[in-house]
Amino acid sequence: MRNPFYAAQRAFRPSRPGVVDDPAVRRLQLWRTALGLVAWVGLMVTYNSVVSAEDVKSVADERLNQSWSSVLVLVCTFPVVVGAFIAAARGGLRRVYLRRALRPLGAVVAIMASMGTAALAMAPELAGLRDAVGLPGTIAIGVLCAWSIGFALYGIGLSLVHVFRTADIHEVMPPVLAGVLVWEMALLDVITGAYPQVPAGARAVFILGAPVTVTALSWWEMRRLRRHHGLSVRHALGR
C-alpha cells in the first residue's frame, strides 16, 4: 500500500483464479492504447501551435482530461452493460457473475475515491477544512493527495486497458464493453464539437478511426477467445 503504482496494479488488473491470460491479447491491448496516444499527440502537434513548454503542458492536460472523461463514461456504462449481461445469463450463472462483479465494482469505487481525495487537497472550496486541521493535518492530506494522484493516473491507464478488470466477471466482457465505450466517446466528440482546430476531413477520420479500430480489435479478441479457449458470448450466458 505504500507504493501507489503497485496498489493500482492490484486494484485494476484482473486476478480471478482461472481467468484466461492470453499474451497476444494483452500485447494487442497495450499497443492499442499506445498507438491511440501517439495518434492523438500527432494530431494535436500538427494542428496546434506547440512551440513552448506551456503549450506542451496544455496538450498534456487536454489528453488527461479526455482520459478522465473516458473513465467517467465507462463508469456510467459499466452498470448498464454488466447488468444486461448478468440479466441475460441463465440458471446459476447470474449468481456467479453477480459475485464476480464485486471486484470490478470495487475498481470503479477506487478510482472515484482517489480522485475525490485529490480534490480534498486542492479544491479552493475546502481551504477552510485544511486550515482547521493545522500543519500536521495539512501534511497528512498532502501525502495522501500525492499517493492518490499516482494511484489515479496509473489507475486510469490500467482501467482503459483492462476495462475496469471486467475479465474477472467473464473474459468476453472487456471486448464487449470496450466496443460500447469507444462508440459512446465518438458520439460525445461529435456532440461536443471536439477538435475544432482540426480540418473537417481529418477530424472525421480521427473520430471514426478509434471506434472502427477498437471494434475490429474487439472482434478479433472475441474470435481468438472462441477459437483458442472455447469462450463466446453464448457460452458465457449459458445458452
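By convention here, the first residue in the shown sequence is residue 1. Values reported hereafter were calculated over all heavy atoms of this structure, with side chains retained and with hydrogens, waters and symmetry mates removed.
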*Asks:* Say you draw a straight line from CZ of Arg224 to CG of Leu217; how long is it, rounded to the nearest 0.5 Å?
*Replies:*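 Interatomic distance, Arg224 CZ to Leu217 CG, rounded to 0.5 Å: 13.0 Å.
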*Asks:* Please identify each residue that fulfils salt bridge (charged side-chain N to carboxylate O under 4.0 Å, His left out) with Arg100, with sequence neighbours left out.
*Replies:*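 Per chain and number, Arg100 pairs via salt bridge (charged side-chain N to carboxylate O under 4.0 Å, His left out) with no residue.
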*Asks:* Kindly indicate whether the side chain of His170, heavy atoms from C-beta on, has any atom under 4.5 Å from the side chain of His235.
*Replies:* yes
*Asks:* Check the hydrophobic clustering (I, L, V, M, F, W, Y; side-chain heavy atoms under 4.5 Å; chains of links allowed) and say if Val80 and Val108 are grouped together.
*Replies:*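 Each belongs to a different hydrophobic cluster.
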*Asks:* Please collect all salt bridge (charged side-chain N to carboxylate O under 4.0 Å, His left out) contacts where either partner lies in residues 84-95, sequence neighbours excluded, each pair once.
*Replies:*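 Passing the test, one end in residues 84-95: no pairs.
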*Asks:* Count I, L, V, M, F, W, Y as connected when their side-chain heavy atoms are under 4.5 Å apart, and connections chain through other members. Are Val182 and Leu208 then in the same cluster?
*Replies:* yes
*Asks:* Atom OG1 in Thr77, atom CG in Leu181: separation rounded to 0.5 Å?
*Replies:*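 Interatomic distance, Thr77 OG1 to Leu181 CG, rounded to 0.5 Å: 6.0 Å.
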*Asks:* Indicate the atoms forming the closest heavy-atom contact of Ala167 with Val19, along with that distance.
*Replies:*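 Minimum heavy-atom contact is O-CG2, 3.7 Å.
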*Asks:* Could you verify whether a donor N or O on one side chain and an acceptor N or O on the other, from His229 and Asp22, lie under 3.5 Å apart?
*Replies:*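 Yes, side-chain donor-acceptor contact under 3.5 Å.
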*Asks:* Give, for atom CD1 of Ile169 and atom CZ of Phe164, the distance between the pair rounded to the nearest 0.5 Å.
*Replies:* 12.0 Å
*Asks:* What is the distance from atom CG of Leu237 to atom CG of Leu93, rounded to the nearest 0.5 Å?
*Replies:* 8.0 Å
*Asks:* Any chain of hydrophobic side-chain contacts (each under 4.5 Å) joining Leu98 to Val176?
*Replies:*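 In one cluster: yes.
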*Asks:* Please give the remaining members of the hydrophobic cluster of Ile191, linking ILVMFWY side chains under 4.5 Å, ordered by chain and number.
*Replies:*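 Ile191 shares its hydrophobic cluster with Leu187.
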*Asks:* Ser15 versus Arg165: any side-chain heavy-atom pair under 4.5 Å?
*Replies:*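 SC-SC contact between Ser15 and Arg165 confirmed.
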*Asks:* According to a 4.5 Å side-chain heavy-atom criterion applied to Ile, Leu, Val, Met, Phe, Trp and Tyr, with indirect links allowed, do Leu177 and Met112 form part of one hydrophobic cluster?
*Replies:* yes
*Asks:* Of all heavy-atom pairs between Ala101 and Ile86, which one has the smallest distance, and what is that distance?
*Replies:* CB-CD1, 4.5 Å
*Asks:* With a 4.5 Å heavy-atom cut-off, do Val82 and Met173 have their side chains touching?
*Replies:*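 SC-SC contact between Val82 and Met173 confirmed.
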*Asks:* Are Tyr6 and Val161 grouped together when hydrophobic residues (ILVMFWY) are joined by side-chain heavy atoms under 4.5 angstrom apart?
*Replies:*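 They do not share one cluster, since no chain of ILVMFWY contacts under 4.5 Å joins Tyr6 to Val161.
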*Asks:* Would Glu171 and Arg16 count as a salt bridge (Lys or Arg N to Asp or Glu O under 4.0 Å) here? Give the steps.
*Replies:* CA-CA 10 Å; Glu171 288 82 354; Arg16 172 172 57 87; 2.9 Å; yes
*Asks:* Working to the nearest 0.5 Å, report the span between CD1 of Ile111 and CG of Leu153.
*Replies:*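 Reported to 0.5 Å precision, the distance equals 8.5 Å.
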*Asks:* Return the minimal non-hydrogen interatomic distance between Ala178 and Val214, and the atom names on each side.
*Replies:*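 That would be O-CG1, 4.1 Å.
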*Asks:* Tell me whether the rings of Phe12 and Phe151 are parallel (<30°), tilted (30 to 60°) or perpendicular (>60°).
*Replies:*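 Plane angle between 30° and 60°, so tilted.
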*Asks:* Working to the nearest 0.5 angstrom, can you tell me the gap between Leu102 CG and Tyr97 OH?
*Replies:*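 The OH atom of Tyr97 is 15.0 Å from CG of Leu102, to the nearest 0.5 Å.
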*Asks:* Show the nearest heavy-atom pair for residues Phe5 and Gly150, with the distance to one decimal.
*Replies:*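 Looking at all heavy atoms of both residues, the closest pair is CE2-O, 3.7 Å.
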*Asks:* What I'd like to find out is whether the side chain of Val172 reaches to under 4.5 Å of the side chain of Phe85, using heavy atoms alone.
*Replies:*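 Side chain of Val172 against side chain of Phe85, heavy atoms only: contact under 4.5 Å found.
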*Asks:* Which heavy atom of Ser148 sits nearest a heavy atom of Ser114, and at what distance?
*Replies:*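 That would be CB-O, 3.5 Å.
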*Asks:* Closest heavy-atom contact between Leu105 and Phe78?
*Replies:*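 Nearest heavy atoms, Leu105 then Phe78: N-CZ, 4.0 Å.
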